[in-house]
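Computed from a predicted structure; not experimentally measured. Worth knowing before you read on, the calculation uses all heavy atoms, side chains too, and leaves out hydrogens, waters and symmetry mates.
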Amino acid sequence: MKSFKPLLVSLMLIVAALINAACGGSATPPAQPTAAPAASEPTAAVAPTSAPAPTAAPTAAPTSNRVKVRWFVGLGAGTDEGAIPPQNAFVERFNASQDKIELVIEIVDNNVAFDTLATQIAAGNAPCLVGPVGIRGRDSFKGAWLDLQPFIDKYNYDLSDFDPNLVKFYQVKEEGQLGIPFAIFPSFIIYNKDLFDEAGLPYPPATHGAPWVDENGVEREWNIETLTELAKKLTVDANGNDATSPNFDPEKIVQFGWMNQWTDPRGIGTFFGAGSLVDENGNAQIPDNWKAAWKWTYDGWWKDWFIPNGPYGGADFLQGPGGPFSSGNLAMIHIHMWYVAPWALGNVDFDWNLAATPSYNGTITAKMHADTFGILKGCPYPDAAFEVLSYMLSAEHVNELLTIYGGMPARLSLQDNYFAKYNQTNFPNKTDINWDVVVEAMAYADNPNHESWMPSFQETTDRYNEFWNYLANTPDADFEAEVAKLKADLQKIFDAAR
C-alpha cells in the first residue's frame, strides 16, 4: 500500500476539544487509527500541583437561615468563560424563587476538577450536586453517588416524560438510580447523499427496524451483513472500481464506504451490542459480540477494504473540518448527536442526512452519550439537594441549562420544539433532516454504557488503545493472539488495582 502522512497529534487534540465543548465532556475521545486517542474528558490521572479556588456565584438575598447546597461544576461543560455568567444567573434565580435553600455554585477548571473533587470527597467536604457530567466522569468516582430512587419515591417525582429505557440507562447494578435524564446525545448513521446518488444506490433506512431496499428493488434486512455489502459498493479506487469488483485496487482507494468515527474499541464493540471489559466479579473479559465487532472492523481495514485503516487514516483526501466524513469522501459513519453541528457539518459542499443503526444478530444497539447531575453520598442535605435537582430538571427550567450546555433535551415533551429551533439556528437552509431517527435511537441505548467504569481507568484505556492502534496499522496481525494478550494484560492491570 502507498504510504500516507500520519494524522498530526495536534489536530486530534483540537478535534477532541471541539467534541468536549459540544457535549459537556461526555463524548468518547476521537480515536484515529494512526495514533492513540486524546482524552476529551479529563480523568483522575491528572495531577496538578495546585487547584484554583472554585468560583462561587453571588447570592440574591440574605441566607442566614437557609440550608446551603453546594453545586460543583467542572467534570464536563460549564467551565468555559462564556458559561459562567448564565450559570451564576441561574443560581440567583433559584435562590430568589424560595427562602429555604441557598444554592452555591463552585466552578473548577476542567483540567483540575477531578483531583479537586476527589480531594473534597476524601476530606469529608463533598459538595451535594455535581454536573453536568457524563458516564465517563461519573464512573471515575464509582461508589460515591447517592441512589436517587428513594427520593424519587418519597417526593413522587414524575418520570413519565422520559423514555423508560433512558431512565434505565442511569440504573447501575448494586448502586441504584444514579441520575435523572438531562441532556442526551443518541447515535445513528450520517450518510453522504451525493455519494449514494452517484453510485445509484438507495439511501439507508430512515427508521430503525425497517428493511433496506436495494438497487434492484429487493428488500434486505438492515443488519451488519447488509451494511457491509453496501459499504463495499461505496468504496471506490482511483479507476472507478468498487470493493466488490475483482479489479478493485486496495492501494489506490479514493473513497470509503464506512467508519465508526471518533470512538474507541469499547464504542466500536458496542456497535454489535452492549458489553463491558469487566465481568461481574471484577475480572477482565472480552465480550463475544465485541470481539466479533473488532474482527469485522479488522477485516474491513485489511481484507474487505471498506473502512479506512491506519495508513489511510492520514490520507489527504480524508481530512475535513469534522474529520473523515466531512471530507466528502466517506459515505457513512456512525456517530452521536453532538456531531450534527456547524463546526462539523456546517460548511460541507455535499448533501447529507441521518439514518438508522443496523442490527447485529437481531438486536439494535445505538450507543448513547448523556449528561446528567448527580448527588454525592457525602452531601449533608440530600433532601434539599434533590429539591434543587428537581428544579433544575423541571420542564419549566431545564431549557435554561440546556441553552448553556447544549444537548438534546431528555424530556419527550421538549424534543419537538428543540429540533425545530436547532434546525433553524444551525442548518436554516436544510429542511429534510431526519430528526425522528434521533428520537428513536433513545430506545436502543447501550446498558452497560460503553464509557462505564473500569479498574485503573487511564491505564486500561491506554492498553486497549495500544491494542487497537497496532491492529489498525498491521495487516498481518494474529488477531486471536492479540485479543488474548489484551485480556491477559487487562487482568494484570485489574489485579494490581485490587
Would you find a donor on one side and an acceptor on the other, under 3.5 Å apart, between the side chain of [X] and the backbone of [Y]?
| X | Y | value |
| --- | --- | --- |
| Gln261 | Gly323 | no |
| Asn469 | Asn465 | yes |
| Gln149 | Gly176 | no |
| Asn449 | Met368 | yes |
| Asn223 | Thr226 | yes |
| Arg498 | Gly282 | yes |
| Asp139 | Trp453 | yes |
| Arg266 | Ser452 | yes |
| Gln87 | Ile107 | no |
| Ser456 | Glu459 | no |

Plane angle bin for Trp290 and Trp294 - parallel if under 30°, tilted between 30 and 60°, otherwise perpendicular: tilted
Parallel, tilted or perpendicular, as decided by the 30° and 60° cut-offs, for the rings of Tyr203 and Tyr191: tilted
Under-4.0 Å salt bridge between [X] and [Y]:
| X | Y | result |
| --- | --- | --- |
| Lys492 | Asp495 | no |
| Lys154 | Asp383 | yes |
| Arg220 | Glu225 | no |
| Glu466 | Arg463 | yes |
| Lys367 | Asp446 | no |

Measure the shortest side-chain to side-chain distance between [X] and [Y] over non-hydrogen atoms and say whether it is less than 4.5 angstrom.
| X | Y | answer |
| --- | --- | --- |
| His369 | Met337 | no |
| Tyr157 | Ile180 | yes |
| Val388 | Trp71 | no |
| Leu401 | Met392 | yes |
| Phe151 | Ile375 | no |
| Met408 | Phe419 | yes |
| Val439 | Pro186 | no |
| Gln285 | Glu280 | no |

Quick one: [atom1] on [X] to [atom2] on [Y], what's the gap to the nearest 0.5 Å?
| X | Y | atom1 | atom2 | answer |
| --- | --- | --- | --- | --- |
| Leu402 | His397 | CG | NE2 | 13.5 Å |
| Gln171 | Leu166 | CD | CG | 10.5 Å |
| Glu387 | Leu389 | CD | CG | 11.0 Å |
| Asn434 | Ile190 | CG | CD1 | 11.5 Å |
| Ser276 | Asp279 | OG | CG | 8.5 Å |
| Ile286 | Leu490 | CD1 | CG | 6.0 Å |

Centroid separation [X] to [Y] less than 6.0 Å:
| X | Y | value |
| --- | --- | --- |
| Tyr360 | Phe271 | no |
| Tyr444 | His208 | yes |
| Phe373 | Phe182 | yes |

Set of residues satisfying side-chain contact (heavy atoms from CB on, under 4.5 Å) with respect to Ser97, sequence neighbours excluded: Phe94, Tyr391
Is it true that [Y] and [X] share a donor-acceptor pair across their side chains at a distance under 3.5 Å?
| X | Y | result |
| --- | --- | --- |
| Tyr298 | Glu482 | no |
| Trp222 | Thr357 | no |
| Trp468 | Asp264 | no |
| Asp158 | Ser160 | yes |
| Asn283 | Gln491 | yes |

Step-by-step side-chain contact (heavy atoms from CB on, under 4.5 Å) determination, Tyr339 to Leu345: CA-CA 8 Å; Tyr339 187 78; Leu345 292 169; 4.0 Å; yes
Derivation of the side-chain contact (heavy atoms from CB on, under 4.5 Å) call for Leu129 and Phe72: CA-CA 6 Å; Leu129 284 163; Phe72 185 96; over 6 Å; no
Asp288, CG: over 12 other non-hydrogen atoms inside 6.0 angstrom: no
Exceeds 12 heavy-atom contacts within 6.0 angstrom, atom NZ of Lys421: no
Ring pair (Phe, Tyr, Trp, His ring centres under 6.0 Å) evaluation trace for Trp435 with Tyr418: CA-CA 10 Å; Trp435 297 118; Tyr418 166 79; 7.7 Å; no
Check against side-chain contact (heavy atoms from CB on, under 4.5 Å), Arg70 and Asn125: CA-CA 10 Å; Arg70 294 162 52 210; Asn125 185 36; 3.1 Å; yes
Between [X] and [Y], which heavy-atom pair has the shortest distance, and what is it?
| X | Y | result |
| --- | --- | --- |
| Val278 | Pro455 | CG2-CD, 3.6 Å |
| Asn289 | Gly273 | ND2-O, 2.8 Å |
| Leu277 | Met454 | CD1-SD, 4.0 Å |
| Pro358 | Ile189 | CD-CD1, 3.9 Å |
| Pro204 | Ala355 | CB-CB, 3.6 Å |
| Gly267 | His450 | CA-CD2, 3.9 Å |

Could you pull out all donor-acceptor pairs under 3.5 Å where a side-chain atom in residues 79-86 meets a protein atom, sequence neighbours excluded?
none

Name of the residue among Pro181, Ser413, Ser394 meeting side-chain contact (heavy atoms from CB on, under 4.5 Å) with Asp161: Ser413
Lys430 to Trp352, cation-pi by 6.0 Å centre distance and 45° axis angle: yes
Disulfide (SG to SG under 2.5 Å): pairs with one or both residues in residues 132-183, sequence neighbours excluded: none
Test side-chain contact (heavy atoms from CB on, under 4.5 Å) applied to Leu148 and Trp145, step by step: CA-CA 9 Å; Leu148 300 183; Trp145 305 98; over 6 Å; no
